[in-house]
Number of protein chains: 2
Amino acid sequence: MSKEQGSNIREVAALAGVSIATVSRALQQPDKVRPETRKKVFDAVRQANFVPNAQAASFRRQSNNTVILLVRDIGNPFYLEIYKGVEEAAGEAGFKVLMGDARNDENRVATHIDMVRQKHADGLILMTGQFPSELLDQADTLPPIVIASETVPGLALPTVKIDNRAASKNAVRHLIEAGHTKIAHLAGPFPESLAKERFEGYRDALSEAGIGYSDELVVTGDYSIEAGRRAIAGLLESGISFTAIFASSDQMAIGAISELRGRGISVPADVSVIGFDDIIFANAFEPPLTTVRQPRQEMGRKAMALMVDRLNGKRTAETIVLDTELVVRGSVAPCRSPHR
Amino acid sequence: MSKEQGSNIREVAALAGVSIATVSRALQQPDKVRPETRKKVFDAVRQANFVPNAQAASFRRQSNNTVILLVRDIGNPFYLEIYKGVEEAAGEAGFKVLMGDARNDENRVATHIDMVRQKHADGLILMTGQFPSELLDQADTLPPIVIASETVPGLALPTVKIDNRAASKNAVRHLIEAGHTKIAHLAGPFPESLAKERFEGYRDALSEAGIGYSDELVVTGDYSIEAGRRAIAGLLESGISFTAIFASSDQMAIGAISELRGRGISVPADVSVIGFDDIIFANAFEPPLTTVRQPRQEMGRKAMALMVDRLNGKRTAETIVLDTELVVRGSVAPCRSPHR
DNA sequence: TTGAAAGCGCTAACAA
DNA sequence: TTGTTAGCGCTTTCAA
């Protein structure tokens with residue numbers, strides 16, 4: 001029933017009574033081959049149970065139409081929507097997408113850059129805050145890289161991002177308008193740009209409202225649920241008082257709320273919370289999370305578009321800035337003891 | 001500063017004053033080369049800024065030490081933990097892992113099987129309920145495939161899974177012990193094995209307790225949050241009464257709870273809920289979700305181990321069954337109107 | 001321990 | 001429209 005497995009283009013050519021070039025053409029550009037010839041080839045392909053060896057083709061072409069999407073932490077649902085956008089745009093452009101997990105580890109970023117150098121893939125879409133410092137001054141020898149969501153200071157690469165500072169400022173302003181003045185900030189890991197930009201937005205809103213800034217209200221974490229829990233535990237145990245939280249990720253917001261609740265503090269009655277990202281769980285959560293929505297799908301699409309440009313030889317370092325939106329749901333309430 | 005980019009093994013050989021074979025050996029099996037020669041080669045590699053073309057090597061070796069992990073829906077956090085297990089075991093065995101998204105689409109499964117046939121990867125770990133039916137009778141011509149979590153009836157492939165039927169029965173029994181008799185079941189998509197097995201466990205528990213079974217209490221969905229919402233909306237609108245829900249995924253459980261709450265029905269006070277998977281959000285959710293924990297990391301590790309065996313020529317179709325655990329948290333309460 | 005040489009399967013330039 | 005042919009960069013016998 002099943003024919004020989006490892007048949008190659010030569011066997012097919014022999015079977016069809018044509019040259020291997022014709023087989024290749026019939027398969028790659030059918031309209032360049034006369035219909036009768038095409039039919040002979042297709043029949044032979046079927047008869048030989050032939051599956052072209054994509055590896056050989058990629059090798060010959062010196063490209064394999066594949067890009068790697070490397071994310072900070074594959075456990076964060078935020079990246080999955082991005083992936084979908086990337087994959088959609090990639091499919092349209094004839095590319096495949098593989099997803100890699102950097103696990104917040106700079107070395108793993110370096111490993112994946114090497115994979116591109118070694119032609120495992122044609123390009124790398126980076127969604128990690130980390131970048132191997134030893135590569136920073138080798139910008140001209142880097143393989144095709146596009147940055148999404150994050151930025152790497154001192155590296156002029158095509159980038160798609162949001163205005164983190166403005167989005168944060170807007171979110172914190174929302175808290176201030178509800179009467180909050182003691183606002184904690186669950187930041188990302190410094191000194192990454194993303195963390196710093198959101199932190200600056202937080203400070204902007206504070207100073208705009210004439211509210212004093214306090215170091216003690218800022219805690220950093222790696223955007224995970226666990227980090228959110230830990231941050232709140234630390235804050236509470238150190239006795240700092242606060243009535244609102246602005247978290248740099250929905251996961252941290254969710255961890256924070258869970259921790260708060262575990263200690264008998266209710267959200268939003270006692271403490272208001274705003275997250276960041278609008279992951280799919282934000283809306284199903286109790287209370288439904290007020291958060292900053294990022295246009296994830298579009299971010300993915302744009303990043304892939306930038307990659308296609310780059311792969312086609314465009315050497316600019318364009319930066320695309322996408323809009324965000326504050327999605328007001330149920331995790332913010334008026335401050336009960338304003339100006340306490 | 002930066003040297004020529006696309007240097008190849010020939011240049012390095014010339015630079016080092018040795019043959020290309022020696023360069024290859026120095027890089028692949030350093031101990032087969034005299035230390036002085038090795039040093040010459042390494043110096044030349046550095047000088048030429050040489051990065052071996054992995055594509056060429058893979059092509060020559062006819063294998064690339066890469067496996068694809070194809071999941072049903074990359075948006076479900078359940079798969080991310082699996083991925084971590086797979087990647088860990090893969091790293092130890094010298095393999096790379098790429099993750100693909102089947103989007104509940106049989107055609108995309110076929111596409112990925114083709115990728116392996118075309119040598120994009122050495123093997124495929126399948127976590128999809130779907131399998132292209134036209135390939136079912138070609139088991140002997142299939143590339144290396146391992147099934148995880150799911151099963152494909154009529155296909156004898158190495159598999160790692162849990163005892164879905166027993167786990168479900170145990171979960172539903174927990175509901176029954178709390179006094180519930182009107183228990184809805186949010187099932188996966190029939191006729192997939194996974195959905196059927198969990199459904200059978202549900203029926204087992206019911207009949208064991210002498211509770212009658214009603215078709216109307218069973219609704220199917222694709223394991224997503226949205227499916228959970230829709231299922232509950234349908235149930236409520238058709239006027240069926242129920243006091244508990246056994247959902248086939250945490251995401252459906254979360255969607256269900258969110259929908260219930262939106263309609264003023266509280267969990268667990270009015271309705272008790274049990275989920276399946278124990279995703280990372282289950283514990284942070286309000287109420288913390290009682291659910292069936294799957295040993296995801298281990299499942300991933302075992303699946304990869306099976307793949308390594310298979311790639312090493314082992315041709316058995318071993319099935320490994322892993323243990324589950326009912327994690328009791330806060331989403332189940334005693335039935336307030338038992339035997340209503 | 002090292003080198004020469006064949007060739008993995010395919011694409012694409014060129015010729016017919 | 002089709003065929004001939006030269007490699008892509010590497011690994012791996014086999015011989016020295």
Side-chain angles (χ1 to χ4, degrees), chain A residues 4-42 44-45 48-66 94 114-120 122 143, chain B residues 4-42 44-45 48-66 94 114-120 122 143:
Chain A
E4 55 266 69
Q5 265 296 59
S7 68
N8 62 24
I9 201 172
R10 238 172 302 273
E11 292 179 35
V12 176
L15 225 44
V18 299
S19 74
I20 60 167
T22 299
V23 175
S24 179
R25 267 189 296 258
L27 263 23
Q28 306 307 319
Q29 323 160 55
D31 36 292
K32 292 218 180 241
V33 169
R34 199 148 40 98
E36 306 114 72
T37 315
R38 204 186 305 153
K39 181 170 184 322
K40 277 195 292 182
V41 171
F42 286 171
V45 163
N49 208 4
F50 174 63
V51 179
N53 184 326
Q55 188 132 270
S58 301
F59 167 55
R60 172 62 228 245
R61 291 201 182 101
Q62 289 297 301
S63 106
N64 50 18
N65 278 18
T66 301
D114 271 345
M115 285 181 71
V116 180
R117 281 224 172 95
Q118 296 165 7
K119 312 284 185 193
H120 267 291
D122 296 336
Chain B
E4 57 268 67
Q5 266 295 60
S7 67
N8 61 24
I9 200 171
R10 238 173 302 273
E11 291 180 36
V12 175
L15 225 44
V18 299
S19 73
I20 62 167
T22 299
V23 174
S24 178
R25 266 190 295 257
L27 263 24
Q28 304 308 319
Q29 324 160 53
D31 36 293
K32 291 218 179 239
V33 169
R34 202 149 38 100
E36 306 115 71
T37 316
R38 204 187 306 153
K39 182 172 182 322
K40 278 195 292 183
V41 171
F42 286 171
V45 163
N49 209 2
F50 173 62
V51 180
N53 184 325
Q55 189 132 271
S58 302
F59 167 55
R60 171 62 227 241
R61 290 202 186 99
Q62 291 296 303
S63 106
N64 51 17
N65 278 18
T66 302
D114 270 345
M115 284 182 70
V116 180
R117 282 224 172 98
Q118 296 164 6
K119 312 282 185 194
H120 267 292
D122 296 335

Would F59(A) count as stacked on dC10(C) if the rule is ring centres under 5.5 Å and plane angle under 30°?
no

Separation of K40(A) atom NZ from dT1(D) atom P, in whole Å?
14 Å

Pick the closest DNA chain C nucleotide for Q28(A) and for R25(B) by heavy atoms, then say which residue is nearer the 5' end.
R25(B)

Between dT11(D) (C1') and Q55(B) (CD): distance, integer Å
16 Å

Want to settle it: does K32(A) or I20(A) sit nearer the 5' end of DNA chain D, counting the closest nucleotide to each?
K32(A)

What nucleotide among dT1(C), dC10(C), dG9(D) has an atom nearest to a side-chain atom of A56(A)?
dC10(C)

Distance in angstrom units between Q29(B) CD and dC10(D) C1', rounded
13 Å

Rounded to whole Å, please give me the gap between CZ in R38(A) and P in dT2(D).
9 Å

S19(A) side chain near dT4(D) phosphate (N/O to OP1/OP2, under 4.0 Å)
no

Polar side-chain atom of N64(A) near backbone of K119(A) as donor-acceptor pair, under 3.5 Å:
yes

Between dG9(D), dG3(C), dT2(C), spot the one nearest the side chain of V33(B), thanks.
dT2(C)

Test side-chain contact (heavy atoms from CB on, under 4.5 Å) applied to T22(B) and S24(B), step by step
CA-CA 5 Å; T22(B) 299; S24(B) 178; over 6 Å; no

Taking A56(B)'s backbone N and O only, do any of them form a donor-acceptor pair with N53(B)'s side chain (distance below 3.5 Å, no angle check)?
yes

As a test of reading the structure: which of dG3(D), dC8(D), dC10(D) is closest to the side chain of A21(A), going by heavy atoms?
dG3(D)

Can you check the R10(A) CZ to dC8(C) C1' distance for me, whole Å?
9 Å

Option passing side-chain contact (heavy atoms from CB on, under 4.5 Å) with F50(A) (candidates V41(A), V45(A), L15(A))
V45(A)

Write down the distance between CG (D31(A)) and C1' (dT1(D)), rounded to a whole number of angstrom.
12 Å

Please report the distance, rounded to the nearest Å, between CD in Q62(B) and P in dA6(C).
20 Å

For the backbone of F59(A) and the side chain of Q62(A), can you confirm whether one donor and one acceptor N or O come within less than 3.5 Å of each other?
yes

Side-chain N or O of R61(A) versus OP1/OP2 of dT11(C): is the shortest distance under 4.0 Å?
yes

side-chain N/O T22(A) vs dT2(D) OP1/OP2, d < 4.0 Å:
no

Can you check whether R60(A) has a side-chain N or O nearer than 4.0 Å to OP1 or OP2 of dG7(D)?
no

In whole Å, what is the span from the CG atom of L27(A) to the P atom of dT2(D)?
14 Å

Minimum-distance nucleotide (side-chain atoms of I9(A) versus dC8(D), dC10(C), dT2(C))
dC10(C)

Per atom distances to the R34(B) side chain, the nearest of dC10(C), dT1(C), dT1(D) is dT1(C)

Describe the nucleic acid contact of A57(B) in one word from base, sugar-phosphate, nothing, applying a heavy-atom distance below 4.0 Å.
sugar-phosphate

What is the distance from atom NE2 of H120(B) to atom CG of D114(B), rounded to the nearest 0.5 Å?
10.0 Å

